[in-house]
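Whatever order the structure lists ligands and atoms in, that order sets their numbers, starting from 1. Small disclaimer: the values here were computed from a predicted structure and weren't measured.
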Amino acid sequence: MERRDSGTVYLVGAGPGDPGLITRRGADLLSRADVVFYDRLVHPDVLKLAPDAQLVDVGKRPGDSAKGQERINQLLIDEAKAGKTVVRLKGGDPVVFGRGGEEMELLVANSVPFEIVPGVSSAIAGPAYAGIPLTHRDHASWVVLAAGHEHETKEHSSLDWEAFARAPTVVFLMGVARLSAICERLQAEGRSPDTPAAVVSWATWPQQLVVRSTIEKIANASEDAGVKQPAILIVGEVVRLSETLSWIERKPLRGKRVFVPRTRAQAGRLSGALRDLGAEPLEFPAIRITPPSSFNALDEAIAGLGEGWIAFTSTNAVDAFWDRLSSSGADARSLAGMRIAAVGALTAAALRAYGIVADLVPPTFTAESLVEAMGRGSGPVLIPRAEQAPDDLVDALERNGWSAACVPAYRTERDESSVDAGREAIDAGIDAVLFTSGSTARSFVELWGPPPEGCVVCCIGPRTAEAAASLGIRVDAVASEQSIEGLVNALVAAVRR
Ligand code: SAH
């Protein structure tokens with residue numbers, strides 16, 4: 001029988017940067033790993049896929065000795081032999097210029113089982129994110145991937161420069177420091193100086209920079225543009241196609257750093273929408289949701305459920321109400337016979353997740369709109385809300401004949417956990433900040449002071465804008481529809497102005 005005393009080492013490709021480009025298999029292994037040895041060029045969000053693992057930074061820095069590399073290799077072997085599940089997380093694809101081959105040889109020599117999980121190489125993703133098709137029926141039916149750091153005059157160079165000069169498309173990795181030498185050598189081998197060339201640095205990262213030129217001029221052009229490592233060089237007619245095919249640079253929020261001070265649980269969807277439009281969301285929770293100081297009122301309300309209306313004004317209210325309902329052993333049947341209102345499409349969606357279809361969703365996502373939509377009537381209206389919520393909704397409903405009651409279902413509190421990281425992000429420069437509630441605006445100011453000059457301040461609705469203004473914040477844009485889409489659209493419009 002096979003002896004299984006050693007854990008497996010998984011050589012996993014992390015992709016070129018954009019955390020969305022890791023494979024599902026890679027993500028799955030990260031979630032199960034005991035220890036992750038990662039390189040310098042791995043996006044921090046990829047590491048978040050391994051919340052339970054020990055994370056070891058083995059990124060080589062200039063000046064690190066070969067001894068250092070040996071020590072890393074030994075660690076890898078030791079951890080596996082101790083029976084652990086080890087992920088060796090490498091930038092791009094693990095076996096494209098990543099020394100993955102050498103690491104595998106070592107694992108074999110030490111009888112450590114391993115697997116490879118391919119990744120999206122920067123050699124593939126860099127051109128793609130620059131709108132350069134590596135192959136094209138009219139221009140290129142073969143491609144060369146080469147290491148550009150090898151000295152082009154090295155006596156026994158393994159590089160076939162004559163072939164590079166003929167290849168329709170050549171991608172050089174590790175070559176930025178030698179750009180001019182590479183391009184001169186290509187010309188010396190007969191490649192026309194007018195051959196299109198592009199440098200893509202930090203491909204797929206928010207700071208991706210693309211410089212397009214010719215092999216004669218690309219070295220100067222990329223120096224002028226301030227190109228930094230890591231970068232790839234692409235040579236060939238296909239580069240010209242990016243004039244019409246570039247897509248990422250056309251995104252409306254391209255390169256914008258947008259501060260999102262939401263609770264951890266809520267930031268995800270907003271950040272996803274921002275990322276889709278090319279922005280770099282900077283998520284730092286400013287508030288967190290905690291239980292109310294007392295559940296008495298909510299418990300009483302839950303015990304008395306059965307008739308009248310129940311109105312939910314936020315997803316927080318839905319979740320908090322349901323938490324309490326379930327912990328009392330009850331379920332959705334407690335609401336049988338009641339009418340249910342939801343302010344906002346997201347609130348309605350949160351209810352649907354609990355099997356409830358709202359009877360009433362007012363046309364605009366404000367409390368005022370709820371009052372208007374309910375009109376005049378009588379009977380009880382239960383409103384589970386934040387403990388600090390104002391009474392105006394109750395007053396307005398009562399004026400219309402209802403007997404309304406707000407019961408505290410949760411509290412919002414300032415979340416200090418990210419104050420330093422948030423400060424750092426602001427100091428590095430932010431282009432916009434998005435407020436989704438008065439409480440996020442208030443906590444933002446308390447944690448980090450007023451938003452910096454020149455940064456676009458965008459609020460999800462008139463109430464949030466009012467709250468922000470009362471804190472002395474200058475508001476640049478207010479969403480016309482109170483939803484994530486509405487907020488993001490308002491930001492796009494404000495950035496265009
Ligand atoms: N295994 C990696 C390559 C490692 S060699 C992969 O498949 O992508 C390191 C070189 O990769 C760098 O010198 C640079 O040329 C290139 N590289 C890695 N990530 C990059 C990125 N995000 N943008 C541009 N080039 C990158």
Which residue owns the protein heavy atom closest to [atom], what's the atom, and how far is it?
atom                    : value
atom 21 (C) of ligand 1 : A203 N, 3.6 Å
atom 10 (C) of ligand 1 : M174 CG, 3.6 Å
atom 4 (C) of ligand 1  : F97 O, 3.4 Å

I'd like to know whether ligand 1 has G126 as a neighbour, heavy-atom separation below 4.0 Å. no
Within-shell test, G17 vs ligand 1, heavy atom, strictly < 4.0 Å: no
With a 4.0 Å cut-off on N to O distance, would you call [X] and [Y] a salt bridge?
X    : Y    : value
E416 : R288 : no
R442 : E446 : no
D420 : R423 : no
R254 : E249 : no

Considering the heavy atoms of [X], write down every atom of ligand 1 situated less than 4.0 Å from one of them.
X    : value
L173 : 3 (C), 11 (O), 15 (O), 16 (C)
W205 : 22 (N)
G92  : 6 (C), 7 (O), 8 (O)
V200 : 24 (C)
S121 : 6 (C), 7 (O), 8 (O)
I232 : 15 (O), 24 (C), 25 (N)

Under 3.5 Å between any N/O of [X] and any N/O of ligand 1: does that happen in this structure?
X    : answer
S122 : yes
V96  : yes
A231 : yes
A123 : no

Classify the angle between the aromatic ring planes of W161 and F164 as parallel (below 30°), tilted (30 to 60°) or perpendicular (above 60°). perpendicular
For atom 2 (C) of ligand 1, the option (of G98, G119, G91) bearing the nearest heavy atom: G91
Under the side-chain hydrogen bond (donor to acceptor under 3.5 Å, both in side chains) rule, what do R212 and S242 come out as? Steps first, then yes or no, please. CA-CA 9 Å; R212 297 174 178 83; S242 73; 2.5 Å; yes
Heavy-atom pairs closer than 4.0 Å: do any link ligand 1 to the side chain of V176, the backbone, both, or neither? neither
Are side-chain heavy atoms of L30 and I22 found at a separation under 4.5 Å? yes
Below 4.5 Å, heavy atoms only, C-beta onward: do L134 and V171 meet side chain to side chain? yes
Would Y129 and D18 count as having a side-chain donor-acceptor pair, cut-off 3.5 Å? yes
Mark yes when over 12 heavy atoms from residues, nucleotides or ligands other than E485 sit less than 6.0 Å from its CD; otherwise mark no. yes
S417 vs D415, test: side-chain hydrogen bond (donor to acceptor under 3.5 Å, both in side chains). Steps then yes/no. CA-CA 6 Å; S417 63; D415 184 342; 2.7 Å; yes
